[in-house]
Amino acid sequence: MIELVLATNNAHKVEEIQQILGGRFQIRTLAEENISVEVEETGASFAENAIIKASVIAKLTGKYALSDDSGLVVAALGGKPGIYSARYAGEGHDDKANIIKLLDDMQHKQDRSAKFVSAVALCKPNGEVVIAEGAAEGEILREQRGAGGFGYDPVFFSHELQKTFAEATAQEKNAVSHRKRALQNLAAKLSLEYS
Ligand code: IMP
């Protein structure tokens with residue numbers, strides 16, 4: 001089986017990717033490869049950032065590598081916070097500050113529509129890249145609801161679930177998540193069987 005190194009240290013992502021691509025690839029983590037790198041996300045899109053991260057890991061290991069990049073895209077803010085979702089309120093990964101800034105920026109906006117977007121990139125040792133994207137549609141509430149999830153989940157009301165991602169169970173969220181859809185699209189591109 002081909003080894004696939006995941007360019008993430010996030011256990012939830014590892015689990016999700018294992019479920020979808022584990023039948024075809026032997027999933028390896030950065031820790032198992034003894035790699036500890038902080039790759040700068042200098043791309044202009046989710047896809048570019050995913051490719052940058054995956055290609056660094058593919059070069060370092062000489063193996064297949066998979067990376068994802070995701071964020072929240074809000075129509076009334078011209079697509080912001082977009083690729084800057086993690087650091088919308090400034091450097092660091094402060095979810096609480098990011099939500100407060102988002103609610104503030106959205107205070108006078110009537111159009112509340114938004115989507116989570118995920119791009120995944122699979123980079124082969126020969127430099128070949130396969131890219132796929134997925135999205136989850138919803139809207140930005142005026143206040144936070146729910147205690148689960150992470151990031152912008154408490155203010156993202158999912159059209160499909162009819163509740164916020166923070167009110168949903170992990171299973172419910174994962175069934176409709178942008179990341180899940182990107183991985184499914186990637187699996188389809190690789191002509192994999194997905195169940
Ligand atoms: P990353 O691609 O994991 O680095 O995520 C970038 C940022 O986008 C995160 O720090 C969150 O702010 C936001 N984000 C991405 N996916 C989600 C999600 O499923 N729920 C809430 N926020 C998310």
Side-chain angles (χ1 to χ4, degrees), residues 6-17 19-20 29-30 37-54 56-57 65-74 77 79-106 112-122 131-141 143-161 163-186:
L6 307 186
T8 178
N9 291 309
N10 181 321
H12 294 289
K13 288 187 186 177
V14 173
E15 168 84 40
E16 215 173 335
I17 295 164
Q19 275 177 21
I20 296 172
T29 62
L30 289 175
V37 279
E38 196 56 52
V39 182
E40 242 194 288
E41 298 182 3
T42 52
S45 65
F46 295 115
E48 275 183 32
N49 280 336
I51 292 169
I52 289 169
K53 286 185 273 184
V56 167
I57 302 304
L66 181 87
S67 162
D68 87 305
D69 194 51
S70 56
L72 180 68
V73 174
V74 182
L77 300 178
K80 285 183 188 165
I83 56 170
Y84 303 106
S85 291
R87 48 196 151 122
Y88 192 39
E91 280 306 322
H93 295 253
D94 187 343
D95 290 345
K96 219 169 120 188
N98 287 338
I99 286 179
I100 288 168
K101 175 164 170 53
L102 177 68
L103 291 181
D104 199 41
D105 290 351
M106 290 295 288
R112 314 288 302 180
S113 60
K115 62 183 174 183
F116 275 122
V117 175
S118 167
V120 290
L122 182 135
I131 263 281
E133 290 206 7
E137 307 271 350
E139 47 200 89
I140 305 301
L141 297 181
E143 70 292 306
Q144 304 190 41
R145 276 197 223 159
F150 73 102
Y152 299 92
D153 281 348
V155 289
F156 181 81
F157 183 86
S158 159
H159 283 159
E160 281 148 299
L161 299 178
K163 54 176 139 180
T164 70
F165 269 0
E167 291 173 309
T169 63
Q171 211 176 4
E172 286 171 330
K173 179 184 167 184
N174 289 341
V176 301
S177 87
H178 43 306
R179 197 166 300 108
K180 164 83 158 227
R181 289 190 171 134
L183 286 166
Q184 281 176 319
N185 289 337
L186 180 75

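Read the numbers this way: they start at 1 and go in the same order the structure lists the ligands and their atoms.
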Judging by distance only, is a nitrogen or oxygen of [X] under 3.5 angstrom from one on ligand 1?
X      : value
Tyr152 : yes
Asp68  : no
Lys13  : yes
Lys173 : yes
Arg179 : yes

Could you establish whether [X] and ligand 1 come within less than 4.0 Å of each other, counting only heavy atoms on the residue side?
X      : value
Asp153 : yes
Gly71  : yes
Asp69  : yes
Phe165 : no

Hey, are the side chains of [X] and [Y] touching, using non-hydrogen atoms and a 4.5 Å cut-off?
X     : Y      : value
Ile99 : Pro154 : yes
Val14 : Thr8   : yes
Leu66 : Ile17  : yes

Proximity to ligand 1 by part of Phe150, non-hydrogen separation under 4.0 Å: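 The answer is both, backbone and side chain.
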Protein heavy atom at shortest distance from [atom]:
atom                    : value
atom 1 (P) of ligand 1  : Ser70 OG, 3.6 Å
atom 23 (C) of ligand 1 : Phe116 CE2, 3.5 Å
atom 10 (O) of ligand 1 : Ala86 CB, 3.4 Å

Gln171 atom CD, over 12 foreign heavy atoms within 6.0 Å: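 Not more than 12 within 6.0 Å, no.
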Mutual orientation of the aromatic rings belonging to Phe165 and Phe156 [parallel < 30°, tilted 30-60°, perpendicular > 60°]: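 Taking Phe156 first and then Phe165, their aromatic rings sit tilted (interplane angle of 30° to 60°).
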Return a table of donor-acceptor pairs under 3.5 angstrom between the side chains of residues 79-86 and protein atoms on other chains or two or more places apart.
residue, atom, partner, partner atom, Å
Ser85, OG, Leu72, N, 2.9
Ser85, OG, Gly82, O, 2.6

Verdict with reasoning, Ile57 to Val37, per side chain to side chain contact (heavy atoms under 4.5 Å, CB included): CA-CA 9 Å; Ile57 302 304; Val37 279; 3.8 Å; yes
Contacting atoms of ligand 1, where contact means under 4.0 angstrom from a heavy atom of Gly151: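 Every atom of ligand 1 under 4.0 Å from some heavy atom of Gly151: 21 (C), 22 (N).
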Heavy-atom pair with the smallest gap, counting every atom of Leu141 and Arg112: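 It is O-NH2, 3.1 Å.
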Heavy-atom pair with the smallest gap, counting every atom of Glu143 and Val155: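 Scanning both residues completely, I find the closest heavy atoms to be O-CG1, 4.0 Å.
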